[in-house]
Every structure is written in structure tokens, then in C-alpha cells.
**Q** 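Have a look at this one.
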Amino acid sequence: RLFYEFEGTISRRAGGGRAYGATGARLVYPCLDGHISLSRTPDAMKPLHAWITESGQVPRFDPVEWATLPQSGPGTPGPEKNREFEESLLAFFATMPKMTLYEDGQRRGILICPVSSPADLLKNEQLIAREFFVEHASGPLGREVRVQGPPMRFSATPWATQQDPIEVDSPPPAPMSVPAAAAANPAATSRDILKGVRVADFSWVGVGPLSTQVLGWLGADVIRVESQARLDVFRNGGPKRGDGGIDASAYFGNCNRDKRAITLNLKHPSARDLALKLAAESDILVESFRPDFMTSVGLSYEDVRAVNPGIIMMSASMEGATGPHTRFRGFGLTLQSTVGFTHFTSWPGRDPVGTGVAYTDWFATGLAASAILAALEHKRLTGEGQYIDLSQLEACTWALDAEVLAYTAAGVLRPALGNRHPQMAPHGVFPCAGDEEWIAIACRNDAEWQRLAGLAGDPSLANPEFATLAGRQAAEDAIEAAIAAWTASLAKEELVERLQALGIPAYAVNDMAGVHHDPQLRARDHFWRVAHPVIGEADWDAPPYRLSRTPMFSERAAPLLGQDNEAVYCGVLGLSSDELADLFADGALD
């Protein structure tokens, strides 16, 4: 959507790849025993080229040139140029199994992940080492089954299920009430909820910054810590507006509103003391580096707790703070494959394609924010801080909990179904009048089917055998063809209204222009229009929920790089102007 707002670009389908306009970067490739996902990052091109060469094959792409070509945005390679790159990879990956590619490629610094099925998750070395899957008693089955363990790990309040014995020495505390300020003042807003809470935000890219942005909307003082020596990926990425510099990025602007920003080079000799000073003045510290980085710069949880025993610290890494894959890299675009999402995004009998967006980022963000709020409530009740180890891999497998349970409890490994659904028919996307106009329709039961068939008016749909789900699924191809013939001459907006009036789930399939102008989103004020000093005014995404007693809103645009150095270093940490000048001169704040 941001590419549409900033550039007017409407991306078309790219087969699950990273789409931009009419082009796209491939993400999923077949290999010897399945499929893998590859994110084409600049720093991976040389090791990828060397890896292929070591195997005895001759790569046909120039790693130096390909390190400069973006995966999306202006300059994205077209189909012919992409084939130059893809042909070398297809030949190489075809010779190796996916777990070998995963293990070897990751250790070479290449963002490569396997396309996992639920069965693969049970054999994943990282999940086994972290003992993620647990045995859970199932009453209906009369035996234990393997299910996912905690989506995040709390050091002071370990995950517990109903079957676990819980000793209670005293009555549980009363539920947290509406803050006194909000109860007394009907004009109170969400800014009163976490007023007085400070967050040291050392995270970057998506999950960490998005979760701390929620805390900012709730009134916390979120201080984003960055370094010019290694900028956030989003600062350099498009789309951009204004001067096109590091402060002009739409993605950074969408993930970092309502925060203050300072710069600090954590590898500088003076950085540790400054970071610990900030930790001492904070209630929460969030980071999303590789798991050993904070320890390497003297900012482990033990280091931070030594200066602030009550602090809450969350590490939001790809695969968790322990285990053999702790140093493995990834973004949501490739991690979704390891999680198992990509396994299900395909037509039957075809290669998987992935979602084309960093799906895990949006799923893990909600869990990360909830974990911090839960730890903050525990601290309010007990005064005790704690460490939260959030593995994005583990957290996101909870989106596939039913598929994992079907496999562990019944041995059912469901293949990809395309747009179809095991309990609904028809269930799919159908063409409408116009160029690339579509509607999604789902029949949840036999009554809805009767109303849909009556509205369509096609005599072939009146077949009595179609009255049951089993009968419709047996003739799904013919039913879908008849519905497509009916919808093809109708405007999708009109058809949505007619179907919805009959109680049949139906929605227009929007491109990004449709999303940007969607009347429901506009009516709910989903887009918060805030002016940015470089970008200018833009529509930024609001949260998908509304608080009735404490309305939420965005107060400030995302900060410029280091714009609050003086306010934080002098006002919060108590440094003098001369001390701050010396730090600048010495490069500590690069």
C-alpha cells in the first residue's frame, strides 16, 4: 500500500514472489527433496556465487552486479534479467536436499530457509533442541498428543497450561482496572495507559519496532536507539519521498511513529556505559539482533539487570536465544517458509509460492506486544522484572496449530488446496467484469449454497447432488466454472452487496489502490494522517482495534535519525553539553 501512496505503483501478482509493479523477485525454488526460500540480499551474492562454484557448477550471474539490484522498487530486474540469476540457482538447488541447503547456506550468511510441512517442524533441529513441542493430554483422544509449546518464554513467569499443577498461596489479584486518570476523566486517551513507562528500543526492521510502536500509542516514552554505522534496513529501503535520504523511507515511517530517536554505535568503547545508563532509566528494553550480539557488547540480560533489577527485557530473534540455529538469519519473507506457511500456499500438485509479503512479521508483532504488556502487568503486581525470549519461528507456528495437531494426533498431513477449503464449498476467488477484477466467495453450509445457487440462476447448479458438502466437493471443478461464468459479467462491488445481503461471505479482491481507498477502512479512520518533516503528510496504518474508553491516535511522525540526542542524553541521562559534544567528536554517537 505504501508503494501505491508514495509512487502510485500498483503491484500485480508475482507468483508469491516479492512484487513491484509488473515485476517480481522469485522467493521459492525447488530442490532435491522439496523446496527452499531465498532472500536475495546484497551481502549474500558473493557467498552464493562461491558456493555454487565450489559445487563444480558455473554460476551465470555477476555477484557484484546483483548485489546492487533491488528485490523491489525502482530498478527491480525484469523477467529476462531474473532468468539469468534464477537458472543458476535452479540447477544448483536441484542437486541438494533442503535441510542441507538450509544448514550450509545459513552458515555462509545466506538468507535461505526450507519450506516446512508440519512433519518437518517435528524434525527441526532448532525446535528439538529448545524442546518446543510438548506432550498434552487430550480428553477426546484419551491419550497425550504433541502440541506447540510457549510462543514466547518468560524467565519469571513460565508458560503453564491447564493440565499443569499450579500452586496458589493466596487469592489471585483483581483484574487490572481502568487507570484512575481514565476513570476520572472521560476525555482520557490511550496515552494515559502507559504514561511514565520508558522503553529503550534497540530493535530494528519489523517485529521489534512495530511492537514498541504500540507501547508508544499507549503513552510510553519509547526511545529508539540506532547507529549510522549500520542503519535499519527500512531506512535505506523504498518507497521514499522528499529528499530520498535515510529519513524519507515509508516503511521506517510506518513502524516508528510516536518515538524519540538517538544514535549510538554499540561497538564503540563508550557505548556500553551509555546504553546501561539508558537501561537504568527504563522499564523495558527490546532488542532484535542476532542472539549473541547484545552479550558481545556487554548488554546481556544479566548486564542490564545488574543496573536495573526490575527491568523487562525482550529479545525478538528469528529462531530464539538458544539452540543450534541461534545465529541463523532471516526476514519474514523467508522465515514464513520455515514456519510452514509456504507449504500451504500453492495449487494442488504445483510448487509452493509463498505469500509475497513478510507474513510472520505481522503475526509475531501482536504476540511480542502482548508479551511485553503481560510482563509489565506482572511487574505492576509484584515489582519483578524478567527476560522474554521470543522466537519468531516458534511464535508463528501457532498460526498452524490445527495443522500440527492434525498431524501429531491423526497422522494427517494436508497438502496445499489452493483457494479451496476442507469444510466449505464453493470456496474461492472468481473473475468479475473488468481487467483483473475478482471476488472471493465462501459457502459455509448447505443453506448458503442454496441461496448462492438461486442468485446465480444457472440450472446446472440446481443439481440435487450439490445439496451436501460432499456432493459439492465431488463436483467442485464444474461448480467453480459455472460460478465464474456468472460472476464474469458483473461488477464486483455490486456482487458483494447482493451476496452479503443474502448472508453469504463475499469480499472484493482489492489491489493496493482498492485497499487505500476502501470505504470501510476510511469510515473507521484506519489511516492516521500525520505530517513528517521530510516525507510530508501521509496516511499511516492504525492498529486493527479501537479502545472505547481510551481512544488511540498517533501524535508524532517517525523521528529523524538522532533527532533527540540532546533531549535524551542530557535530559534523561544527565550528561552535560560538553560531554555530549565529546561523544559526538569521538564517534560514539555515529
Side-chain angles (χ1 to χ4, degrees), residues 31-39 41 43-44 47-48 50-51 54-55 93 96-135 146-155 158-159 205 207-208 287-297 299-302 313-343 360 364 367-368 387-398 400 404 407-408:
C31 62
L32 186 62
D33 62 346
H35 297 83
I36 59 90
S37 287
L38 174 80
S39 184
T41 57
D43 60 347
L48 179 60
W51 192 17
E54 289 170 19
S55 75
F93 292 151
M96 300 175 69
K98 62 185 178 182
M99 295 311 295
T100 300
L101 289 166
Y102 179 43
E103 301 279 350
D104 290 356
Q106 283 282 352
R107 292 188 170 95
R108 292 171 181 263
I110 300 167
L111 271 65
I112 187 170
C113 292
V115 174
S116 303
S117 69
D120 293 324
L121 292 176
L122 272 294
K123 297 182 289 186
N124 183 290
E125 290 185 11
Q126 176 73 358
L127 299 178
I128 292 171
R130 284 171 60 85
E131 299 180 341
F132 174 60
F133 291 100
V134 297
E135 300 294 329
R146 301 195 78 191
V147 297
Q148 286 99 322
M152 69 288 290
R153 304 185 185 209
F154 297 86
S155 63
W159 178 267
V205 194
V207 173
E287 61 91 9
S288 59
F289 300 113
R290 68 174 189 267
D292 60 350
F293 177 76
M294 293 295 273
T295 298
S296 72
V297 295
L299 295 173
S300 68
Y301 175 57
E302 289 72 22
M313 179 171 174
M314 184 178 78
S315 297
S317 61
M318 283 292 105
E319 300 200 22
T322 60
H325 295 174
T326 55
R327 292 180 61 85
F328 281 16
R329 304 167 62 204
F331 292 120
L333 283 167
T334 48
L335 182 66
Q336 63 180 298
S337 292
T338 312
V339 170
F341 296 154
T342 304
H343 171 77
T360 56
L367 292 173
Y387 178 70
I388 305 170
D389 172 13
L390 181 115
S391 159
Q392 294 179 42
L393 169 61
E394 293 172 356
C396 291
T397 64
W398 277 86
L400 297 174
V404 171
Y407 177 72
T408 59

**Q** I'd like to know if the side chain of E319 pairs up with that of S391 as donor and acceptor (distance under 3.5 Å, no hydrogens or angles considered).
**A** no

**Q** For E131, does the CD atom have more than 12 heavy-atom neighbours from other residues, nucleotides or ligands under 6.0 Å away?
**A** no

**Q** Does the side chain of S117 pick up a donor-acceptor pair with the side chain of D120 at under 3.5 Å?
**A** yes

**Q** Answer whether the closest heavy-atom distance between the side chains of L121 and F133 falls below 4.5 Å.
**A** yes

**Q** So how far is it from Y102 OH to T334 OG1, rounded to the nearest 0.5 Å?
**A** 9.0 Å

**Q** Do W159 and R153 come close enough that some side-chain heavy atom pair is under 4.5 Å?
**A** no

**Q** Are I112 and F93 close enough that some pair of their side-chain heavy atoms sits under 4.5 Å apart?
**A** yes

**Q** If you look at every heavy atom in P324 and R107, which pair is closest and at what distance?
**A** O-NH2, 4.0 Å

**Q** Between atom CG of D33 and atom CG of L101, what is the distance when rounded to the nearest 0.5 Å?
**A** 8.5 Å

**Q** Are F331 and T41 side-chain neighbours, meaning at least one heavy-atom pair lies under 4.5 Å?
**A** yes

**Q** Between the side chain of R329 and the main-chain N/O of G109, is any donor-acceptor distance below 3.5 Å?
**A** yes

**Q** Between I36 and M96, is there a side-chain heavy-atom distance shorter than 4.5 Å?
**A** no

**Q** How many angstroms lie between atom CG of D292 and atom OG of S300, to the nearest 0.5 angstrom?
**A** 12.0 Å

**Q** Is there side-chain contact between P114 and M99, with at least one heavy-atom pair below 4.5 Å?
**A** yes

**Q** Are any side-chain N or O atoms of S116 and backbone N or O atoms of T338, one a donor and one an acceptor, separated by less than 3.5 Å?
**A** yes

**Q** How are the rings of F328 and H325 set relative to one another: parallel (under 30°), tilted (30 to 60°) or perpendicular (over 60°)?
**A** parallel

